[in-house]
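Computed from heavy atoms alone, side chains included, the values below leave out hydrogens, waters and symmetry copies.
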Amino acid sequence: MIRELRTMIEEEWIEGWGYDEGKLKEGRAPNRQDLDKVSKDKPIVVTRTCGHIISVNSKALSIAGISKDTPDPAGGKIDRDKNGEPTGILRESARLILLNKMPQLSIEENASRLAELTKSLYAHGITAITDLMASHKPMDYVDIYTLARDKGLTQNVVLYYMWHDLKMNPILNEENTDRKNPIHIGGVKLFADGSVSGRTAWVSPPFLGDEDNYGISTTSENELLEAAEYAKKHGVQLVIHAMGEQAIDLIVNTFYGKEAWLQDGPSIRIEHAAMPTMQAIDRAAEMGIAFVPQPIFLYAEIESYLNNLGSDRTKTTYPVKTMLNSGIPVAFSSDAPATAWADPVNPFVGIKSAVTRVAYDGTNTGDTEKIDVETAIELYTRGAQYITRLPNVGQLKEGYRADFIVLNKDILEVSLDEIDKISVEATFLKGELVYLKEGVPSI
């Protein structure tokens, strides 16, 4: 009866994911008037590709209790028209006013959806995953992934729990942080700002054409230190989302001169690190703070970057070569599904972007920061292992797990422009074949 009721409730909501206004004819995000044309009776929620912004209709605003008199929450913004009325666009923490009102999938449904991803992940050669949005409520992510494993998910999983959740539910212990477990908690996660493409990253100078918009700051020095103390207590990593200059500076300056607590990997990791200043790069290198940029962003979201930053500033974002030359620990990731690319987990698209610094439409995204193929591969493998602290993976050597893939072409020999056309023919986990591409003879 409960399952049937939940299904009925969910059918009353219309949800969408993945719009990028840079690719829309109107050049803007959909607002409540646009979505009201679809339905005024059912709540509609459409999430921007970055995941930091949602567009909703009038019914959804009503359910959330958002009106002209609703103040902006800390770390968030309710967009308003010239009369002060909400436009239906909710940024950063303002999203949660509505999202917390939405019906939730059951643990069974969540686990089944995760298990269904197993084959497609292996088809891209992915044998381990990280989830940086884990929480304890309304259901514990350890429980979700454990059930997904019972249903067929066989990739190793490292979870990073949101700090605001851990403050209320301090669940970390020796068992769930044990890295020998195929599913374990690897760190504490915070957000320091939003996204570049959504104009919510905490930047300096301001966004192009909007001299008053420096983005949104979503944390503080005190909160960073409090979360770090908890991470240190439990021997896990502190992971902070930061894209803009001011957000990255806040993190690096907060921890500059403080002692690291992990010996086998970085104690602090900045996710994205899109626009670091040279001082932040130098200090991060000195402190051993890791950066995890995503090459897919510039490749897939070039329109938004050009509109928000301009060409010259875009070319200086994600300065991977400078990071590496400065001695910063670096790894690549996909950040899936929070990208505008239809196949967001594909590492070969990310490699192509990193080694060419050319977007999908041919735009130069800063060729002085491109790296070679061997380095890009290493940042997806050995570099990722070091930063996530997953034991015994990332290399083919004695004492390590025999996780490896077979490609249809030699990635070191093909043209750089053709790297994204490479496909995985077979994936092995611990030396056992777990994926074979259709039509490929038995290996």
Side-chain angles (χ1 to χ4, degrees), residues 124-126 130 196 242-243 245 248 265-266 269-278 280-286 288-302 305 309 311-336 339 341 343-388 393-396 405 407 409-422 424:
H124 288 304
I126 297 170
T130 61
V196 173
M243 300 193 85
E245 295 95 338
I248 298 169
R269 154 180 161 195
I270 297 179
E271 200 71 15
H272 310 311
M275 307 165 74
T277 62
M278 277 309 305
I281 288 174
D282 291 340
R283 287 188 167 187
E286 183 181 342
I289 295 174
F291 287 177
V292 182
Q294 291 72 28
I296 191 69
F297 286 166
L298 283 177
Y299 187 85
E301 301 170 21
I302 185 60
Y305 276 77
L309 303 178
S311 177
D312 290 345
R313 196 172 173 195
T314 293
K315 291 176 181 178
T316 66
T317 61
Y318 307 100
V320 176
K321 187 173 184 179
T322 299
M323 295 174 186
L324 291 170
N325 288 344
S326 298
I328 290 177
V330 177
F332 282 159
S333 80
S334 68
D335 204 47
T339 81
W341 203 242
D343 186 12
V345 303
N346 191 335
F348 301 104
V349 178
I351 291 173
K352 176 182 176 179
S353 175
V355 301
T356 64
R357 292 286 295 206
V358 174
Y360 80 93
D361 64 354
T363 300
N364 181 339
T365 63
D367 55 13
T368 59
E369 291 296 340
K370 64 185 180 183
I371 57 177
D372 58 48
V373 177
E374 292 89 340
T375 300
I377 293 171
E378 184 171 333
L379 297 185
Y380 272 112
T381 54
R382 185 165 62 180
Q385 183 279 325
Y386 173 70
I387 288 176
T388 61
V393 298
Q395 303 177 64
L396 288 177
I405 59 178
L407 305 179
K409 296 180 181 179
D410 186 340
I411 192 171
L412 301 178
E413 296 295 333
V414 300
S415 165
L416 300 184
D417 293 331
E418 296 295 316
I419 289 178
D420 59 326
K421 305 296 193 301
I422 291 175
V424 175

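Looking only at side-chain heavy atoms (C-beta outward), Ile422 and Val414 come within less than 4.5 Å of each other. Looking at heavy atoms from C-beta onward, Phe291 lies out of side-chain contact with Pro329 at the 4.5 angstrom threshold. Using a 4.5 Å cut-off on side-chain heavy atoms (C-beta onward), Tyr318 and Met243 make contact. Considering only heavy atoms from C-beta on, Val320 comes within 4.5 Å of Leu379 through its side chain. Residues Val292 and Ile387 form a side-chain contact, since some pair of their non-hydrogen atoms from C-beta on lies under 4.5 Å apart. The shortest side-chain heavy-atom distance between Glu301 and Val196 does not fall under the 4.5 Å cut-off. Between Glu271 and Ser333, the closest side-chain pair of non-hydrogen atoms falls below 4.5 Å.
Side-chain polar atoms of Thr375 and Asp372 form a donor-acceptor pair below 3.5 angstrom. No side-chain donor from either of Thr277 and Glu245 sits under 3.5 Å from a side-chain acceptor of the other.
In this structure, Leu416 CG and Ser353 OG are separated by 12.0 Å, a value rounded to the nearest 0.5 Å. The structure places NZ of Lys370 at 10.0 Å from OG1 of Thr365, a figure rounded to the nearest 0.5 Å. Rounded to the nearest 0.5 angstrom, Phe348 CZ and Ile411 CD1 are separated by 5.5 Å. To the nearest 0.5 Å, atoms OG1 (Thr356) and CD1 (Ile419) are separated by 8.0 Å. Interatomic distance, Arg313 CZ to Tyr305 OH, rounded to the nearest 0.5 Å: 11.5 Å. Between atom CZ of residue Phe332 and atom CD of residue Glu378 there is a gap of 11.0 Å, rounded to the nearest 0.5 Å.
Ring pair Phe297/His272: centre-to-centre distance below 6.0 Å.
Checked by atom type and distance alone, the side chain of Thr363 never pairs as donor or acceptor with a backbone atom of Ala359 at under 3.5 Å. No donor-acceptor pair closer than 3.5 Å links the side chain of Asp312 to the backbone N or O of Lys315. Checked by atom type and distance alone, the side chain of Thr339 never pairs as donor or acceptor with a backbone atom of Ala336 at under 3.5 Å. Side chain of Gln395 to backbone of Val393: no donor-acceptor contact under 3.5 angstrom is found. For the pair Glu369 (side chain) and Lys321 (backbone), a donor-acceptor distance under 3.5 Å is present.
The heavy-atom pair separating Lys352 from Asp417 by the smallest distance is NZ-O, 3.2 Å. In terms of heavy-atom proximity, Ala376 sits nearest to Ile351 at CB-CG2, 4.0 Å. Between Gly125 and Ile405 the shortest heavy-atom distance is CA-CG2, 3.4 Å. Minimum interatomic distance between Ile371 and Leu324 (heavy atoms only, all atoms of both residues): CG2-CD1, 4.2 Å. When all heavy atoms are compared, the tightest approach of Ile248 to Pro276 is CD1-N, 3.6 Å. When every heavy atom of His124 is checked against every heavy atom of Pro347, the shortest pair comes out as O-CG, 3.7 Å.
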What do the steps show when you test Thr322 against Asn325 for side chain to side chain contact (heavy atoms under 4.5 Å, CB included), and what is the final call?
-> CA-CA 5 Å; Thr322 299; Asn325 288 344; 5.8 Å; no

Please assess Leu309 against Thr316 for the test side chain to side chain contact (heavy atoms under 4.5 Å, CB included), listing each intermediate value before the final yes or no.
-> CA-CA 10 Å; Leu309 303 178; Thr316 66; over 6 Å; no

For Leu412 and Glu374, run side chain to side chain contact (heavy atoms under 4.5 Å, CB included): C-alpha distance rounded to whole Å, both residues' side-chain angles, the deciding distance at 0.1 Å, then the answer.
-> CA-CA 8 Å; Leu412 301 178; Glu374 292 89 340; 3.9 Å; yes

What's the verdict on side chain to side chain contact (heavy atoms under 4.5 Å, CB included) for Thr368 and Arg357, showing C-alpha distance, side-chain angles and the deciding distance?
-> CA-CA 8 Å; Thr368 59; Arg357 292 286 295 206; over 6 Å; no

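By the 30° and 60° cut-offs, the orientation of the rings of Trp341 relative to Tyr299 is perpendicular.
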